[in-house]
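Read the numbers this way: they start at 1 and go in the same order the structure lists the ligands and their atoms. Computation of the quantities below employed the complete heavy-atom set of this structure, encompassing side-chain atoms and omitting hydrogens, waters and symmetry-equivalent molecules.
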Amino acid sequence: MKQTVLITGASRGIGRAIAECFAQNGFRVGINYCASRQEALYLKKDLCDKFGTGIAEVFQADVSKEEDVKRMGEEVGASLGEVDVLINNAGVAQQKLFTQTTGEDWDFLFGVNVKGTFLCTRAFLPQMIRRQKGKIINISSMWGITGGSCEVAYSASKAAVIGLTKALAKEVGPSHINVNCIAPGVIQTQMNASLGEETLNALREETPLETLGTGMDVAHLALFLASEQADFITGQVISVDGGMVI
Ligand code: NAP
């Protein structure tokens, strides 16, 4: 029987690549989006055309909102059944001087990046505990490890995701649930589009492997962490960053 994965923020970028990679590898895929309905529906159609009707379904929810996540949990249950793998990927970033960061900026970043991870995990964890199996993969960032200048709020939110991962891994280990974290480096997605060619070239030069990453680079690690080959790995933060953080 096919396993089921739910990926938050899968309408584009890294989440979309993860959805494609998991569908290619025999998973049924739940595609969460917040605003990008057309992109999510297009991805569903693409995956169903390639891998069979019913292989993918879309679920709208703003992961920072408790009532949205509760509704999504019910819709996923009714449509795909129980979730074997949850990938908390939905995220927002912002470049600003610390002194210009407002309380609203802070709440927005922590709302999506941290509370979203908390709410989605809380929605799907009980069924994993009941079944005594499951994999949770949280997408943090290299800035959550090292801290990024002009990205203090983002870095702090991604460090919180690392803390959540480690603590939860200890708490649910006895239920045979693995909780791990991926820390991507610079990945070519819309999130980085505003940085401009010059900055992206500088970041490429700073990267030991002298290239920027792709969504598929992240997806391949997520697929491994979701597999039984990774059954003895939990509470870890694994970088996919071309050697940027060593
Ligand atoms: P992206 O291209 O901007 O895509 C972000 C995704 O998150 C979109 O699908 C978006 O969907 C969704 N999203 C945003 N707010 C949401 C909300 N409130 N509820 C549900 N979905 C929401 O970004 P990306 O580069 O693929 O980033 C994916 C993850 O990787 C993020 O957690 C990011 O922090 C992390 N990351 C990225 C990089 C990088 O270099 N790109 C590096 C390190 C870590 P809608 O359009 O429908 O809102």
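Proximity of Q188 to R204: side-chain heavy atoms (C-beta onward) are separated by under 4.5 Å at one or more points. Two residues are said to be in side-chain contact when any heavy atoms from C-beta on lie closer than 4.5 Å; L223 and L225 fail this criterion.
For Q100, the side-chain contact (heavy atoms from CB on, under 4.5 Å) partners are L97, not counting sequence neighbours. Every residue two or more places apart in sequence or in another chain that forms a side-chain contact (heavy atoms from CB on, under 4.5 Å) with Q127 is listed here: E82, V83, F124, R130.
Among pairs with a residue in residues 159-176, none fulfils salt bridge (Lys or Arg N to Asp or Glu O under 4.0 Å), at least two apart in sequence or across chains.
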Inset, instruction - Take T165 and N138 through the side-chain hydrogen bond (donor to acceptor under 3.5 Å, both in side chains) test and state the conclusion after the steps. - result: CA-CA 7 Å; T165 301; N138 298 324; 3.0 Å; yes

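Enumerated by chain and number, the residues approaching ligand 1 to less than 4.0 Å through a heavy atom are G9, A10, S11, R12, G13, I14, N32, Y33, C34, A35, S36, A61, D62, V63, N89, A90, G91, V92, V112, I139, S140, S141, Y154, K158, P184, G185, V186, I187, T189, Q190, M191, N192.
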